[in-house]
Amino acid sequence: MQRMFTVRAVCLRRGAGVRWKSDIGFIGLGNMGANMAAHLVNAFEGRKLVVSDTARAHAKALEEKGAVWEEAPEAVAERCSTIITMLPSGPVVDSVYAKMFPLMQNGTVLLDASTIGPVAARSIAEKVAGLNKGITFCDAPVSGGVPAATAGTLTFMVGADSDEAFAVALRYLQLMGKNVVRCGPVAAGQTVKVANNLLLASSMVAVSEAMLIGTKLGCDPKTLAKVLNTSTGRCWSSDTYNPYPGAVEGAIPSANNYKGGFACDLMKKDLGLACEAAEAAGVNLTVGGAATKFYGDMSKAGMGGLDFSGALKYIDEKLHK
């Protein structure tokens, strides 16, 4: 049953004389965002879900459920006291926020679920603080992919500067995720996320190579996957999101010619953020560096729009001799 909350329970302290508008905004309705936003429609009594994207077609299903469309981020800022963003890159988040800043109410809550890296998250937090509007900003990148976004079982990695800020973020994030973890102050969520995706990308390339070795030497893919997934090589890239078509059950991209899911180009972007974080930390990447080059090469080969599990297809068709 969908949880309902009243307006009174959600509002933060706000400055005297401020006209308080309490709708919830969600900007960015791609493969992840649209499915995340669906869990917020009609979730709070007396509060509309206001959605925005570069393409209104992405909002059609949400509008049919009761969401309200606004084309411009500025309009979202004017009518919403809580705004969630799920956008493709740091520069896009920065641009959208810049449009909204002049129109934001005192005490607005900003939750950014995009993957933008810790450097960009700290930069945005500094700009928010400079507004002197009592705005709460938390970075809250996600893990779990489209299936988890659809099921409402995402993991949120949250960077929040106070217990109060995290408690406010939790009210919204728990409707879209199963695991909501405060990783530390602002930008800590981004740090954990890029570390996770560095590991994820590396493991996906390794699983792709393992599955190709086994099947080309005569192993049945389902049997191979079953053994791997009950052995020490087991990982999410193998047991849940296996890149070999038909090796595991489920509506995953490898069962759909690598369409949908999390694009190679997005993984390439995240790996760039991981490299940026590694440089700041003074960590020399070896396997991670190889994975970064791999996804860059896959993109250059014209496969940037495929799901990142298309690594197997790239190896088999472009690199296999």
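Ile315 and Leu224 fall within a single hydrophobic cluster, where Ile, Leu, Val, Met, Phe, Trp and Tyr are joined by side-chain heavy atoms under 4.5 Å apart, directly or via other members. Residues Ile27 and Leu175 do not share a hydrophobic cluster, clusters being chains of Ile/Leu/Val/Met/Phe/Trp/Tyr side chains in contact below 4.5 Å. Under a hydrophobic-cluster definition in which Ile, Leu, Val, Met, Phe, Trp and Tyr are linked whenever side-chain heavy atoms come within less than 4.5 Å, directly or via other members, Leu87 and Val186 are assigned to the same cluster. Val96 and Met36 are not part of a single hydrophobic cluster, where members link through side-chain heavy atoms under 4.5 Å apart. With hydrophobic clusters built from ILVMFWY side chains whose heavy atoms lie under 4.5 angstrom apart, Leu62 does not share a cluster with Val76.
Nearest approach of Leu111 to Ala169, heavy atoms of both residues: CD2-CB, 3.6 Å. Across Gly261 and Asn31, no two heavy atoms sit closer than the pair O-ND2, 3.4 Å. Contact detail for Ser22 and Gly46: the closest heavy-atom pair is OG-O, 4.5 Å. Contact detail for Thr191 and Val194: the closest heavy-atom pair is O-CG2, 3.3 Å. Taking every heavy atom of both residues into account, Val248 and Asn229 meet most closely at CG1-ND2, 4.0 Å. The minimum heavy-atom distance between Pro88 and Lys269, with the atom names listed, is O-CE, 2.9 Å.
Among residues at least two apart or in separate chains, ring pair (Phe, Tyr, Trp, His ring centres under 6.0 Å) pairs with a member in residues 96-143 are Tyr97-Phe101. For the ring pair (Phe, Tyr, Trp, His ring centres under 6.0 Å) condition, the pairs that include at least one residue of residues 259-301, sequence neighbours left out, are Phe294-Tyr314. Within the structure, salt bridge (charged side-chain N to carboxylate O under 4.0 Å, His left out) contacts touching residues 180-204 (residues at least two apart or in different chains) are Asp163-Arg182. Sequence neighbours left out, the pairs with a member in residues 217-237 that pass ring pair (Phe, Tyr, Trp, His ring centres under 6.0 Å) are Trp236-Tyr241.
In this structure, the separation between CD1 on Ile116 and OG on Ser123 is 8.5 Å, given to the nearest 0.5 Å. Atoms OG1 and CD1, from Thr108 and Ile135 in turn, are 5.0 Å apart once rounded to the nearest 0.5 Å. In this structure, SG in Cys235 is found 8.0 Å from CE in Met204, a value given to the nearest 0.5 Å. Going from atom OG1 of Thr82 over to atom CZ of Phe26 covers 12.5 Å, rounded to the nearest 0.5 Å. Residue Ile83 holds its CD1 atom at 4.5 Å from CE of Met100, rounded to the nearest 0.5 Å. To the nearest 0.5 Å, atoms OG (Ser254) and CE (Met211) are separated by 9.0 Å.
Checking side-chain atoms of Asp139 against main-chain N and O of Ala187 turns up a donor-acceptor pair under 3.5 Å. With hydrogens and angles disregarded, no donor-acceptor distance shorter than 3.5 Å links the side chain of Asp239 to the backbone of Arg234. Looking only at distances, a side-chain donor or acceptor of Asp307 sits under 3.5 Å from a matching main-chain atom of Ser309.
Within the 4.5 Å cutoff, side-chain heavy atoms of Val146 are placed close to those of Met32. Using a 4.5 Å heavy-atom cutoff, the side chains of Gln174 and His39 are not in contact. Between Leu110 and Thr136 there is no side-chain heavy-atom pair separated by less than 4.5 Å. Looking at Gln190 and Thr115, their side chains come closer than 4.5 Å, going by heavy atoms from C-beta outward. Taking 4.5 Å as the limit, every side-chain heavy atom of Leu49 sits out of range of all side-chain heavy atoms of Asn42. Contact check for Val207 versus Pro243: side-chain heavy atoms found under the 4.5 Å cut-off.
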Legend entry - Residue pair Ile84, Leu40: steps toward the side chain to side chain contact (heavy atoms under 4.5 Å, CB included) verdict: CA-CA 11 Å; Ile84 301 165; Leu40 299 175; 3.6 Å; yes

Inset, instruction - Start with the C-alpha distance between Phe166 and Val180, add both sets of side-chain angles, then the distance that settles side chain to side chain contact (heavy atoms under 4.5 Å, CB included), and finish with yes or no. - result: CA-CA 10 Å; Phe166 178 67; Val180 183; 4.0 Å; yes

Inset, instruction - Apply side chain to side chain contact (heavy atoms under 4.5 Å, CB included) to Arg56 and Glu63, showing your working. - result: CA-CA 10 Å; Arg56 185 166 185 175; Glu63 288 187 84; 2.8 Å; yes

Legend entry - Full working for side chain to side chain contact (heavy atoms under 4.5 Å, CB included) between Trp69 and Val51: CA-CA 5 Å; Trp69 166 261; Val51 297; 4.3 Å; yes

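Heavy atoms of other residues, nucleotides or ligands lying less than 6.0 angstrom from NZ of Lys133 number more than 12. By the 6.0 Å contact criterion, NZ on Lys216 is enclosed, its count of non-hydrogen atoms from other residues, nucleotides or ligands being greater than 12.
Put simply, the residue from Lys318, Met267, Met303 that forms a side chain to side chain contact (heavy atoms under 4.5 Å, CB included) with Met298 is Met303. For the side chain to side chain contact (heavy atoms under 4.5 Å, CB included) criterion with Asn197, the lone passing option out of Leu266, Asp270, Leu271, Leu273 is Asp270.
With sequence neighbours excluded, no residue forms a side-chain hydrogen bond (donor to acceptor under 3.5 Å, both in side chains) with Ser89. Asp220 is linked by a side-chain hydrogen bond (donor to acceptor under 3.5 Å, both in side chains) to Thr223, counting only residues two or more places apart in sequence or in another chain.
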